Structures are given as structure tokens and as C-alpha cells.
Amino acid sequence: MTDLDTIDFTPPPTKAGRRRRIRNLGVLTAVVLLVAAGAIWIGDRLLGACGGPSSGVSEVDGECVGVTDGSYEFHPDLAEVQRKIVAENEWVLAQNKPYVSVALLSPLTWNDTSALNGPKILRLLQGSFVGQQRVNRGSLAGDPQPLIRLLLANAGSGMTHWEPVVTALAERVTSDDRLVAVSGLGMSVAQTAAAATRLSELRLPMIGALITADGLDHEHINGLIRANATNTDYVAALARYLSGRADLRDGLLVYDANQPDLYTRTLKQAIERQFTERGGYLRYPPQSFVGASIPGAATPNMFDGITKNICTVHPQLVFYAGREGDLVSFIEALSHRVCRAEPLTVLTGATGFGLVKVLTGKLVAANVTAVYASSVDDERWRAGASEAPNYRDFHAAFTAHFSPASLDDGYAVMHHDAMVTAARAIRLAAEQSGAARGRPSPADVLSQLLNLNNAYQVPAASGLISFSAKTKGNPGGKPVPVLQVPPPPVGPPTTPYFTPSG
């Protein structure tokens, strides 16, 4: 008897069947190889681009943007300061004490036309780090608890990629990072205003460092204060300077017409208010240009037509509402004007000029004097000027880590002051709210932003500053020095203007 279980009933393969199996095997092999290649490609992208999937940073339009504790290196030029930030963050965790985080939101990458270039970004990181370490290791901002970790939030050059970064910051509030505030905020452009508006909706407190455009404050964006003076303050300081210069009366305005740039737009408006409606200095039609520092729809142009008009009307003064990088081109153009024998004074306002050494020779060649309202006067304050009593201590702390050359443009100072202001609000919130385990929430910090006055004023490097509802989130009592290039023969051109206090 035949055992049916042992009989193979499979029909013998036909030629067509054999061809199908061979074809199917080939397809399967190709699919396996494609999947394997794709996995390798994806792995290379994840591991090679922007530090890998756990870095908190990803590539967007060729820039690595996102939030990190400093361990992802944005550029080799920033490596030293980022290592210091990582070390300080690790020190905070090692203390086994209550801590919270403050995120530095700023462009941390740049290109050839960025208003915030590599040297400026290096300085703002240096200032933020020194501020972080000083408030952690001493009582500068009150009782040093909770300790402060510093997160780096790169929104891309020009703050272009702020949206995914702000979303990532919101996630850090409930994570182990315990994010309670945002500092920095980059520069005064439309993207910064949009980012601040979204952070306001998320109820995250903000402390601006460089932003000077009028309207970027607590009155217009709830939860936003700033350590820096406003453009209106800069112009008021210039008006005070001109009140002592009877020899300078006839002027015209030269302004950047780049619409996304809130700094140049509101500086122009402040100059027009002060010197047309009140001062009567603007005697001639304004002259516009399209600057190269902030990308816009129009093509940046040169200053040849403006210099010809200057030589037609012969003003004594030019009020300049533009970026620092474009000012160099403007001074260069003025050096070739046909009326160069006539002296000219150019007035403007800025956090600080890092191009003073570059400009000095060009100014002399152009027979031009530059007068600018600034947030910082390093030379005078190092000498112990009374308006900035804490500057020398800051200078010593800063130069223990970095070259004093980094203090030439105000970027380090103002980011230090924004960090100290954030810490002051955080410590006051912890004190007033009795926060659980010594860790205030963003809402606790938000409620104290306008209470940083009287006994709780901020001992900033750039002056003793305060915040209240009357100051609208702008710094009260901040000195705004007026500086001159080339410098006058003796002393500063004027004693400092102080911003209004509440």
C-alpha cells in the first residue's frame, strides 16, 4: 500500500513557471537592496546632518536650526564658547539643586549678507555665557536659586526659521529642561516680532538683548521686555547732544527703505518726529536706499545719487537710519563726493559699532565725523563712570574667559544684561510665589517682569535698570552715551542721556 502522505503531488515546473520564479526572485532582491540603500542613506542623513536625531537640531534650507544645550556645534568659530556653556550646564545638574532653563533665541548661523555675522554671534554667546555663570556662582541676581541652564535656540540667519524653533521651545517647558524664559530674540526685524508674538501666545516670558525698534515691548507684545534702549531713546540722546552744538543746524535724512527691517523703519520715524516736528533740523528732502544687510524684495543699491544730492544742498548734518554694514559703504561713497572739502557730520543710533577702527580712516578721508548714540561706552565705563557702576566687575568676569576685544560693539554686554534680567525675574518669582521645590513656572516669571524696580532693579553691566508698567517693558534709568568717531580732542561729546523711569 502506498503511503499517500509521502507522495509529492506538486506538478513539475513548466518553463514559464521557472521564468516567473526567477523574475520574482530578481524583483525581491532589488527591493531588498533598495531598502538597504535607503536605510543607509537615511542613517547617514540622521547621523551626519546637524548632529543626528538626538541633537535637537535639524537642517532647514541648508541651515541647522533648533534647540540644543550647547553640545551641537553650530560653527567652529563658536566651539570654545559653546564648550563653556555645556560645562556650565553640566555643573548646574551636578549640584543637585533646583534649576530652570533660559533659552537664547537668536540667529546662530549666518551668511555673507547677515546683519548678525559670525563675530557678532560669537560675542552674543560670550555675553550670555558670562551672564549665566555670574548669576549661578554669586548673588548678582539675588539668591542663586534656582540655578540657570542655558539652551541655544538657533532660528537661522535673519530669524528666518523661527516657527519650528518656537514650537520646539514650547516642548521644553514640560521636559526636564524646565524652560521658563527666553532671552536674546535676535534683531529688530519682522520675523522677530512674529516670533515674539507667538511666544507671547504661549505665555513664555521674553527679555530682548539687541532689539531697539519701537513697538517691540510689553505694551505691544505681552510678556516682552528688553534690556536695551529704544530707537526713540537713541534719537533723544542725539537731540540732547545737538542742543549743545549751535554750529550744527541744517540736515537731511538718509534712510534704508527695506520694509522687513523694523530697526531702520522705526529709527527713521523717531528721527522724523524729533528733528522735523520738534527740532526743525531736517531742512532738505529725505534720501532713501535699499540696504544689503537685511534681505528684501528690492535690489540693494549704492549711494552715488545720494552723495550728489548732498553736494547740491550742502547740509551740515546727515541723519542715518540704516544698518552698520551699509554705513561703511555710505562713508566710502562720501569720500568720493565732489564737495568733500565741506565737513559733514553723520548721526545715527546703534547698540554699538564694531567697525570703529575700520571707519576711522574712511571718515577722515571723507571729511566726515560720525556721532552715534550707543548702549555701551566700554572705555568710559572701564574708567569707573558713575552711570554704569557694575561695568568693571562685568569686565573682569568677561575677560577671565574671553578677549576684551569682544567688547567693542555692545553685543556681549547687552546679552549679558538680558541674561541677568531674566535671572532677576526668575529669582523674584521663586521668592514671591513659593514655587514648588523652588522652581517657578513661566507664568510665575511672567508675573514679575514689571516688578523689577526699586529693591529689585537689575544690576546690569550697562547701568542700573528697572522695569514697570510705566516704562512699558523698556529699561528705565539706562544710560545712552553719545560717542564720536574720530573721537573729540578731550572727553566724551556729552554726558549720558538716561531713559525714562517709571
Side-chain angles (χ1 to χ4, degrees), residues 67 69-70 85 88-89 91-93 95-106 127-153 169-170 172-185 196 199-200 202-209 218 222-227 390 394 397 414-461 464-468 473 475:
V67 183
D69 63 356
I85 291 169
E88 183 67 14
N89 286 340
W91 178 87
V92 168
L93 296 178
Q95 304 312 300
N96 292 317
K97 293 180 180 179
Y99 71 86
V100 294
S101 291
V102 173
L104 170 64
L105 176 61
S106 176
S128 296
F129 161 72
V130 172
Q132 177 199 16
Q133 189 173 73
R134 292 187 77 201
V135 299
N136 279 339
R137 309 299 179 99
S139 57
L140 181 66
D143 181 11
Q145 287 196 56
L147 297 172
I148 309 294
R149 295 176 72 246
L150 177 58
L151 305 180
L152 304 182
L169 288 175
R172 301 293 179 122
V173 173
T174 54
S175 75
D176 289 342
D177 290 315
R178 305 166 189 168
L179 179 68
V180 297
V182 177
S183 72
L185 299 176
L199 288 166
S200 176
L202 294 169
R203 305 287 293 167
L204 268 169
M206 297 162 279
I207 302 89
H218 192 278
N222 186 62
L224 172 60
I225 66 173
R226 52 179 156 189
N390 297 299
F394 158 77
M414 296 317 305
H415 278 80
H416 166 275
D417 288 358
M419 178 60 67
V420 174
T421 302
R424 190 67 156 156
I426 290 166
R427 270 69 182 273
L428 179 57
E431 174 187 323
Q432 298 296 319
S433 66
R437 291 177 290 176
R439 298 197 301 264
S441 68
D444 294 330
V445 179
L446 189 65
S447 69
Q448 299 301 330
L449 292 180
L450 300 184
N451 292 331
L452 300 179
N453 49 63
N454 296 319
Y456 295 100
Q457 66 181 338
V458 180
L464 294 171
I465 58 178
S466 61
F467 301 86
S468 70

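Treat the numbers as computed from the prediction; the structure is a model and nothing was measured.
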With a 3.5 Å distance limit and no angle check, can you tell me whether [X] reaches the backbone of [Y] through a side-chain donor-acceptor pair?
X: D417; Y: A461; value: yes
X: Q448; Y: D444; value: no
X: N89; Y: L150; value: yes

query: Can you name the residues that form a side chain to side chain donor-acceptor pair (under 3.5 Å) with N453, not counting sequence neighbours?
result: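 Listed in chain order: nothing, the list is empty.
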Any side-chain heavy-atom pair of [X] and [Y] under 4.5 Å:
X: V173; Y: L202; answer: no
X: L450; Y: I225; answer: yes
X: P442; Y: V180; answer: yes
X: L224; Y: L185; answer: yes
X: P475; Y: R226; answer: yes

Excluding sequence neighbours, so at least two apart, what forms side chain to side chain contact (heavy atoms under 4.5 Å, CB included) with [X]?
X: E431; result: Y456
X: A153; result: V67, L105, V165, L169
X: L464; result: P389, N390, Q457, P459
X: S200; result: M206, I221, N222

Do you know which two heavy atoms are closest between [X] and [Y], and how far apart they sit?
X: A425; Y: V445; value: CB-CG1, 4.0 Å
X: M414; Y: A227; value: CE-O, 3.3 Å
X: I207; Y: A418; value: CG2-O, 3.6 Å
X: A181; Y: L204; value: N-CD2, 4.3 Å
X: P144; Y: G138; value: CB-O, 3.5 Å
X: G131; Y: V420; value: CA-CG2, 4.4 Å

- request: For side chain to side chain contact (heavy atoms under 4.5 Å, CB included), just list the numbers for V100 and I148, CA-CA rounded to whole Å, side-chain angles, deciding distance to a tenth of an Å, and then say yes or no.
  value: CA-CA 5 Å; V100 294; I148 309 294; 3.9 Å; yes
Measuring from atom [atom1] of [X] to atom [atom2] of [Y], what distance do you get when rounded to the nearest 0.5 angstrom?
X: R178; Y: R439; atom1: CZ; atom2: CZ; answer: 3.5 Å
X: I85; Y: L152; atom1: CD1; atom2: CG; answer: 4.5 Å
X: Q95; Y: N136; atom1: CD; atom2: CG; answer: 9.0 Å
X: L446; Y: H218; atom1: CG; atom2: NE2; answer: 6.0 Å
X: L93; Y: D69; atom1: CG; atom2: CG; answer: 9.0 Å

query: Can you list every salt bridge (charged side-chain N to carboxylate O under 4.0 Å, His left out) pair that touches residues 127-153, not counting sequence neighbours?
result: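 Qualifying pairs: E88-R137, R149-D177.
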- request: Could you name each residue pair satisfying side chain to side chain donor-acceptor pair (under 3.5 Å) that touches residues 419-430, not counting sequence neighbours?
  value: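 Not a single pair qualifies under side chain to side chain donor-acceptor pair (under 3.5 Å).
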- prompt: For H415, which residues count as a ring pair (Phe, Tyr, Trp, His ring centres under 6.0 Å) partner, sequence neighbours excluded?
  reply: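 Ring pair (Phe, Tyr, Trp, His ring centres under 6.0 Å) list for H415, sorted by chain: empty.
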